[in-house]
*Asks:* 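The structure that follows is given in the form of structure tokens.
All chains are named by letter (A, B, ...) in the order of the sequence lines, taking the proteins before the strands, and each is independently numbered beginning at 1.
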2 protein chains.
Amino acid sequence: MSATVPTETPVAVHASEGPAFSPLYQQIKALLVKSLQGGEWKPGEAIPSELELAARFRVSQGTVRKAIDELATDNLLVRRQGKGTYVATHAEENIQYRFLRLAPDEGPATGMARSFLDCRRIRAPADVARALDLKSGDSAVLVRRTLSRNERPVVLDEIWLPAGPFKGLTAERLSQYAGPMYGLFESEFGVRMIRAEEKIRAVVADASSAALLQVPEGSPLLSVERLAHTYGDKPVELRRGLYNTASHFYRNELN
Amino acid sequence: MSATVPTETPVAVHASEGPAFSPLYQQIKALLVKSLQGGEWKPGEAIPSELELAARFRVSQGTVRKAIDELATDNLLVRRQGKGTYVATHAEENIQYRFLRLAPDEGPATGMARSFLDCRRIRAPADVARALDLKSGDSAVLVRRTLSRNERPVVLDEIWLPAGPFKGLTAERLSQYAGPMYGLFESEFGVRMIRAEEKIRAVVADASSAALLQVPEGSPLLSVERLAHTYGDKPVELRRGLYNTASHFYRNELN
DNA sequence: TAGTGGTCTAGACCACATC
DNA sequence: ATGTGGTCTAGACCACTAA
């Protein structure tokens, strides 16, 4: 128990060592990320207390604290006063869709009904392969689905994933899983999404999109291309969404 | 010099005082915001050193530090190692448009050419009055302008401001001012924008928008409605933008 | 009551900018 | 050489949670 994790190799000290000085707490932060990435602590679990980590890394509590603080603002960890610090998880999140910024014009932002159209394995097109860092010819999983509110489809998503890490993903498993999709990815495939970039444009609906979203062909739609990354800024999901913004809007905060 | 600012009334101590416990550093933060709002330190100027502030508030440097840290992440202050801590300003910002999230598909994100269409004083329509917390019948300033890249218009903005604080704003002053518009608002009218929310939709161009943006009528455009706030979360600008996303996109980061 | 994170302090020293 | 912010420490005490 007390010795399962030996005192870590003391990190490089903060003496002037020529190039690339890095504060102790940044080094601790990197070590913690490594442990998270390596699965030493699983999503939803508590990590050791600050004092334990301080002993393990041979630094003061304050230094560990600063490292954890940054990981908490990065949403990799969640602090709970009196209880401990936990690995963030998509599974038990109150917010249904952590990255979905779509809100209804009126009424509460209730959950939306999912409907999976298909889930196929195909060779990744060149642009998808480029975005996901795949070699040309590598196969990918393509999932298509809609989200509806009040029986009306609002979102049409086309989700590209590298086939390797997502072996065994089927439309059935997607339908049966209750929580958010990223929760499934995390618990079943060990891929945790931590950050994403979106490129947003206005486009017009083509015939097939119009049919699926039940709008006239040529209607304006919001095109949202999301590239989601896991640890180490590795891109692992390319999601192309079309949003009907007739009674919804994409909300953003600028600071 | 040393006594121009007397020791501040010691803040409420952190004894259990029934309802609403607030950490010392939060109280310091509030006091600093008050000084910023009151103009004790102007945008671009340095605030007193951490040790000076610690003496003034009768707390430790670490407590002042934590308060300043939060104000820095809120973009109200800017820390410069070895020099001091400065009041953030829109005037001398490297980034041309702090809140504009539009990026070109190709090429660098160079500055865009502004062109002011008009600047009028009119009674605020009901929806604008509601957004800006004006009484119905209050007058407002309406500025219309375009932003162009490579001689092609990309953005058409309709900017609503409360007439009171912006007395004396004319199209001419807008055209003559070199920097970003928020820099003008800050230095000439004492209104500093701190935070904004945007609601984004896809729409189609009507006749007049299409003409100004040089696109066919019915083209898809990104509608970006921005509500910008100053200190105390007071809304002071409603900006309705139409973006041509044929060769540009709205970029967003999700954490 | 014990353990956790949260706050606050005082002091040392480092890195950076300026004179 | 001086002054600024940046890092790190050690220790005290508070607030919250759970047994």
Side-chain angles (χ1 to χ4, degrees), chain A residues 1-2 8 10-32 41 44-73 76-88, chain B residues 1-2 8 10-32 41 44-73 76-88:
Chain A
M1 312 299 227
S2 62
E8 211 100 333
V11 285
V13 204
H14 47 81
S16 326
E17 30 189 276
F21 156 79
S22 155
L24 254 185
Y25 74 86
Q26 290 285 7
Q27 304 178 35
I28 305 293
K29 187 179 169 185
L31 289 174
L32 290 173
W41 314 299
E45 288 180 9
I47 71 172
S49 75
E50 296 180 349
L51 282 171
E52 280 180 86
L53 289 171
R56 166 163 160 188
F57 295 127
R58 303 185 137 291
V59 299
S60 76
Q61 183 186 4
T63 300
V64 168
R65 237 188 121 61
K66 185 144 184 177
I68 292 179
D69 276 344
E70 293 203 353
L71 293 173
T73 62
L76 293 191
L77 297 176
V78 177
R79 312 191 81 133
R80 290 188 195 137
Q81 182 174 84
K83 300 183 68 174
T85 301
Y86 295 77
V87 182
Chain B
M1 311 274 149
S2 64
E8 211 98 335
V11 287
V13 205
H14 48 81
S16 325
E17 27 188 279
F21 155 79
S22 155
L24 254 184
Y25 73 87
Q26 291 285 7
Q27 303 177 36
I28 305 293
K29 188 179 169 187
L31 290 174
L32 290 173
W41 314 300
E45 289 179 9
I47 71 172
S49 76
E50 296 180 350
L51 283 171
E52 280 179 85
L53 289 171
R56 165 161 160 189
F57 295 128
R58 303 186 136 289
V59 299
S60 76
Q61 182 186 5
T63 300
V64 168
R65 238 190 118 60
K66 184 144 185 178
I68 292 179
D69 277 344
E70 294 204 353
L71 293 173
T73 61
L76 293 191
L77 297 176
V78 177
R79 318 195 75 138
R80 288 188 198 138
Q81 182 173 95
K83 301 184 67 177
T85 301
Y86 295 76
V87 181

*Asks:* Classify the nucleic acid contact of R65(B) as base, sugar-phosphate or nothing, counting any heavy atom under 4.0 Å across all strands shown.
*Replies:*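 Base, at least one base heavy atom under 4.0 Å.
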*Asks:* Looking at every heavy atom in both G44(B) and Y86(B), which two are closest together, and how far apart are they?
*Replies:*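 The answer is O-CD2, 3.5 Å.
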*Asks:* Could you give the distance from CZ (R58(A)) to OG1 (T63(A)), rounded to the nearest 0.5 Å?
*Replies:*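 Answer rounded to 0.5 Å: 14.0 Å.
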*Asks:* Q27(A) CD to dT7(D) P: how many Å, rounded?
*Replies:*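 Answer to the nearest Å: 12 Å.
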*Asks:* Look for any protein N or O under 3.5 Å of an N or O in nucleotides 9-12 of chain C and output each such pair with its distance, or none.
*Replies:*
| residue | atom | partner | partner atom | Å |
| --- | --- | --- | --- | --- |
| dT9(C) | OP2 | S60(B) | N | 2.9 |
| dT9(C) | OP2 | S60(B) | OG | 2.9 |
| dT9(C) | OP2 | T63(B) | OG1 | 2.3 |

*Asks:* Dump the pairs, protein N or O against N or O of nucleotides 17-19 of chain D, anything under 3.5 Å, distances to one decimal.
*Replies:*
| residue | atom | partner | partner atom | Å |
| --- | --- | --- | --- | --- |
| dA18(D) | OP1 | K83(A) | NZ | 3.2 |

*Asks:* Without decimals, in angstroms, what is the distance between I68(B) CD1 and dT4(D) P?
*Replies:*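 These atoms are roughly 12 Å apart.
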*Asks:* Pairs of donor and acceptor atoms involving the side chains of residues 77-84 of chain A, under 3.5 Å and at least two apart or interchain, shall be tabulated with distances.
*Replies:*
| residue | atom | partner | partner atom | Å |
| --- | --- | --- | --- | --- |
| R79(A) | NH1 | D69(A) | OD1 | 2.6 |
| R79(A) | NH2 | E50(A) | OE2 | 2.2 |

*Asks:* Between P on dA15(D) and CD on Q26(B), what's the gap in Å once rounded to a whole number?
*Replies:*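 For the pair Q26(B) CD and dA15(D) P, the rounded distance is 15 Å.
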*Asks:* In Å and rounded to the nearest 0.5 Å, what is the CD1 to CZ distance from I28(B) to R56(B)?
*Replies:*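 Going from the CD1 atom of I28(B) to the CZ atom of R56(B) covers 10.0 Å.
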*Asks:* When the distance from NZ of K66(A) to C1' of dC8(D) is rounded to whole Å, what number comes out?
*Replies:*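 In whole Å, dC8(D) C1' and K66(A) NZ are 10 Å from each other.
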*Asks:* Strictly below 4.0 Å: does S49(A) bring a side-chain N or O up to OP1 or OP2 of dG3(C)?
*Replies:*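 Negative; the distance criterion is not met.
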*Asks:* Run through V87(B), L71(B), L32(B), I68(B) and flag the one making a side-chain contact (heavy atoms from CB on, under 4.5 Å) with L76(B).
*Replies:*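 Going through the options one by one, the only one that passes is L71(B).
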*Asks:* Would you mind reading off the distance between R79(B) atom CZ and dA17(C) atom P, rounded to a whole angstrom?
*Replies:*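 These atoms are roughly 15 Å apart.
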*Asks:* Would you kindly give the CD-to-P distance between E50(B) and dC8(C), to the nearest whole Å?
*Replies:*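 Spelled out: CD on E50(B) to P on dC8(C) is 15 Å.
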*Asks:* Nearest 0.5 Å, what's the CD-CD1 distance between E45(A) and I47(A)?
*Replies:*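 Interatomic distance, E45(A) CD to I47(A) CD1, rounded to 0.5 Å: 11.0 Å.
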*Asks:* Residues in salt bridge (charged side-chain N to carboxylate O under 4.0 Å, His left out) with E70(B), at least two apart?
*Replies:*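 With sequence neighbours excluded, E70(B) shows a salt bridge (charged side-chain N to carboxylate O under 4.0 Å, His left out) to K29(B), given in chain and number order.
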*Asks:* Distance check needed: dC13(C) C1' versus Y25(A) OH, whole Å only.
*Replies:*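 Interatomic distance, OH of Y25(A) to C1' of dC13(C): 16 Å.
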*Asks:* Could you list the residues that satisfy side-chain contact (heavy atoms from CB on, under 4.5 Å) with K66(B), not counting sequence neighbours?
*Replies:*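 side-chain contact (heavy atoms from CB on, under 4.5 Å) check on K66(B) returns Y25(B).
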*Asks:* Take the protein atom CZ of R80(A) and the nucleotide atom C1' of dG3(C), then report the distance between them rounded to whole Å.
*Replies:*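 Taking CZ of R80(A) and C1' of dG3(C), I get 16 Å after rounding.
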*Asks:* S49(A): what forms a side-chain contact (heavy atoms from CB on, under 4.5 Å) with it, not counting sequence neighbours?
*Replies:*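 Partners of S49(A) by the side-chain contact (heavy atoms from CB on, under 4.5 Å) criterion, ordered by chain and then number, come out as L51(A), E52(A).
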